[in-house]
Amino acid sequence: MGTLRYAASRLLQALGLVLAVVVLNFVLVHAAPGDPVETIAGASGGMSPELMAQLRAQYGLDRSLPVQLGVYLGKVVQGDLGYSYFFNLPVTSMIAERVPATLLLVLSSVLLAFFAGTALGVLSSRKPNGWLSQFITVLSLVGFAAPVFWLGIMLVILLASVFPILPVAGMRSIDSAGGGLKDVLDVAHHLVLPTLTLSLVYLAQYSRLARSSMLDVLGSDFIRTARAKGLADRVVLYKHALRNALLPVVTVLGLQFGNVLAGAILVETVFNWPGLGRLAFESVLRRDYPTILGVLLFSSIVVVVMNQLTDLCYRFIDPRIKAS
Amino acid sequence: MPLLRLARRATLLWAALMTASSLLPLPASAAEEQPRRGGTLVIGSTQTPRHLNGAVQSGIATALPSTQIFASPLRFDDKWNPQPYLAESWKLADDGKSLTLKLRKDAVFHDGKPVTSADVAFSIMAIKANHPFTTMLGPVEKVETPDPYTAVIRMSVPHPAIVLAMSPALCPILPKHIYGDGQELKSHPRNTTDVVGSGPFRVTEFKPAQRIVLERFDKFFLAGKPYLDKVIVNVTPDMASLVLGLERGDIQMLPFATLPTDLKRFANDPKVSLTPKGYDGIGALNWLAFNTAKKPLSDVQVRKAIATAIDKNFIAKALMGGFATVSDGPLVASSPFAVPDLVRYPLDLKKAAEMLDAAGYKASANGERFKLTIDYLPGADDQQKNVAEYIRGQLKKVGIAVEVRASADFPAWAKRLASHDFDLSMDLVFNWGDPIIGVHRTYLSTNIKPIVWTNTQSYANPKVDELLNTAGGLIDPTQRKAYYATFQKIVTDELPIEFINQVPYHTIASKKVGNVPATIWGPLSPLDEVYLK
């Protein structure tokens, strides 16, 4: 199958997937008890039935669910994600405002998890029964098993309260004016804790994966050949073994993007990081349907695209896959 | 001694390194009486405002910033006395059907336009049409403007709540030249962007669900005020990180704190002041609501038995760490209309069991009389969930099996209450100053509606309706109080609600903050007198 035809068919699949995700999200979100007008009435400390009816009509909530879904899909096709019921702002602009924060957090976490995790995995594969390897194994088991929010809280207590070297929450200092190098450093400073928290779980996974993958490759014939040729240990390890061992790690990297995005919801909530995850979480609490659906749609597109890219990359990295 | 000095020096050095301003702690003798000008006050808040226009949105989330941005005709001191604000003087007519406001002549909006009676007239009609508190300005028919600085509010019936309704939190004066453009007021773009009022601070940044930056308005009509250069409202849904922020000095003031653990922690902190003052106007009550339309709670004896099985003192002292005070009636104790002559139900488990027997609910072989469910408002465990769990334990002792029904979030709980799908529910409801605004709604039989925070108890007593309606139309406070006294007696006797405690709202502030707000509206009033030492 040609790469182009392959890409086209994958694109079609992806579109169908996104449509299914939208419909499923719509149904699930509306299945939760309570509606946005009740929440708004609650935030107001009570409201007259006339006012509530007026709001329901204004938001189109008085129509049947299939009609609402139809209207929503019609708008989405035109690129219109609607208005937030709660904030009365366009959902697209709210998402656009929050995307950079989430991307920054997710990318920094994925990169840290990938590089540090792989490094640890390789390190521990060199002497699989040595003390360093044992230590890394224990560490990654803990990282793997600990809940993200617990890790976050522990890190906050340690690094922001007991040893107050890092800020507790937020993306910038409270009184920062924004802009300039100072701002970049300020954001970087605030990024440390959430990145550490979000990456720890994945770091553990990568280190386990890299370790077993390395051990696998190191036991294969061509490594023995390379060693027999008298190549230096370093060359064998990094040039021959690592390249091959990395393949499954890269695959997982792409597939896990969605997981990291999901993990970001927790981390953003714990650290008050003004990203998409927090927006989604708070919108659910408010039954702010357009915002929830907008964020979910956006995230599902990102995940689908990432998966497609991974598949394409995979074909590129390992030519044997094309043949099948 | 040298060791101590060394340690102190190290602390000082550490402090100097940690704070950019490197301000060393001043000796205690340099007590400042004179408010100092300048500085930034960071307020931590868990409440997310939808927008900043308090004329079309009630609730503490919007009121906190709105009262900084928009001035109102009157403000109130800590004893419920009205004070001049945009209005220099005011006169409620003897028949109670008109309120004349004489405005000061030097007030301007943030865009430089003067504040006139036209703005007042526009705002009052806008609030009447859009504000969720429909009873607040319900009787207002029109506002006359005989001259630019006189506004006469005309009402169809005597309306005593009108003076309190002129408060900053309830009556922000909007600029007519901006909001009078015919656009829908509840979704007006200027509610969020480029908000213009005539209050002490103007908005320079509003990031929804993140922060609001307010800067001193140099042409504010009260000379020399505000003292602060800047007020930042830092919005975080998580109270724990706000508390941590206050400890670290990132935040200087935390209003609406109730958690006993937080309060206990700060009560002994020499760097922090803690005050329960400033919440009389809101008048928040934590209570157990009965669905009186359902059996067996439709039987007043059953409700009384339940009340007799609950020890409010234990709740206030043990569950709330002694920071809350017990509540026995529908009005907060500080309300001018609250009376001590109420029907009370001291804890007596034996008597409670006997009452249930007498009501015909004898215990079956397994000791159980009947089953009930109890809901609670999520997100305020200290006031709600913990009390619900305690009540479950207490009622079990008298043979009532109670199932605690957790709701995932506010909308889920609100849905149950609104559709009257509950037996018992914990609830947290505000008096909002005048009983007309926040108390009548819970007891009037005409207000049994499918909406949360109405008369969801389905309580109906024609006598109570009559008392409330009459008291709501009387101008003389003494007369009014007499009607409310009878009302309070009846309601505590018929018990549509078991009143439990006054919500122990506290303002936690750094000792550096001077004039921590303590009027009846506390943090929901202009912070023009707050300063940083």
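In what follows, every chain begins at residue 1, and chains take the letters A, B, ... in the order their sequences are listed. Fair warning: this is a prediction, and the values are worked out from it, not measured in the lab.
With a threshold of 4.5 angstrom between heavy atoms, B:Asp250 approaches chain A through its backbone and through its side chain. Only the backbone of B:Val235 comes within less than 4.5 Å of a heavy atom of chain A; no side-chain atom from C-beta onward does. For a residue to count as touching a neighbouring chain, one of its non-hydrogen atoms must lie under 4.5 Å from one of that chain's; by this rule B:Thr204 does not touch chain A. With a 4.5 Å cut-off on non-hydrogen atoms, B:Ala412 touches chain A through its backbone and its side chain both. Within the 4.5 angstrom heavy-atom criterion, only side-chain atoms of B:Thr134, from C-beta onward, approach chain A. Neither the backbone nor the side chain of B:Gln47 comes within contact range of chain A, judged by heavy atoms closer than 4.5 Å. Residue contact with chain A, scored on non-hydrogen atoms closer than 4.5 Å, is absent for B:Asn191. Contact of A:Leu89 with chain B is made through the side chain alone, with heavy-atom distances under 4.5 Å. Residue contact with chain A, scored on non-hydrogen atoms closer than 4.5 Å, involves the backbone of B:Pro49 exclusively. With a 4.5 angstrom heavy-atom cutoff, A:Leu51 touches chain B only via side-chain atoms. At a 4.5 Å heavy-atom cutoff, the contact between B:Lys186 and chain A is made by backbone and side-chain atoms alike.
When the candidates A:Met94, A:Gln58, A:Met171, A:Arg98 are compared by the number of heavy-atom contacts under 4.5 Å with chain B, A:Arg98 comes out ahead. Between chain A and the options B:Val429, B:Thr48, B:Leu242, B:Ile251, heavy-atom pairs under 4.5 Å are most frequent for B:Thr48. Between chain B and the residues A:Val284, A:Leu166, A:Val156, the most heavy-atom pairs under 4.5 angstrom are made by A:Leu166. Among B:Ser241, B:Ala209, B:Pro189, the residue with the largest count of heavy-atom pairs under 4.5 Å with chain A is B:Ala209.
Interatomic distance, A:Arg278 CZ to B:Thr236 OG1, rounded to the nearest 0.5 Å: 6.5 Å. Taking CZ of A:Arg287 as the reference point, atom NZ of B:Lys415 lies at 10.5 Å (rounded to 0.5 Å). Here the CZ-CG distance, from A:Phe271 to B:Asp238, works out to 10.5 Å after rounding to the nearest 0.5 Å. Interatomic distance, A:Met52 CE to B:Ile451 CD1, rounded to the nearest 0.5 Å: 4.5 Å.
Side-chain atoms of B:Pro411 and A:Leu285, non-hydrogen and from C-beta on, never get closer than 4.5 Å to each other.
When the shell of 6.0 Å around OH of B:Tyr179 is examined, it contains more than 12 heavy atoms from other residues, nucleotides or ligands.
Between B:Arg50 and A:Phe86, the shortest heavy-atom contact is NE-O, 2.8 Å. Between A:Glu38 and B:Ala414, the shortest heavy-atom distance links the atoms OE1-C, 4.5 Å.
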Discussion item. Determine whether A:Asn88 and B:His51 satisfy the following criterion, side-chain contact (heavy atoms from CB on, under 4.5 Å), listing intermediate values before the conclusion.
Written reply: CA-CA 9 Å; A:Asn88 247 310; B:His51 56 72; 5.8 Å; no

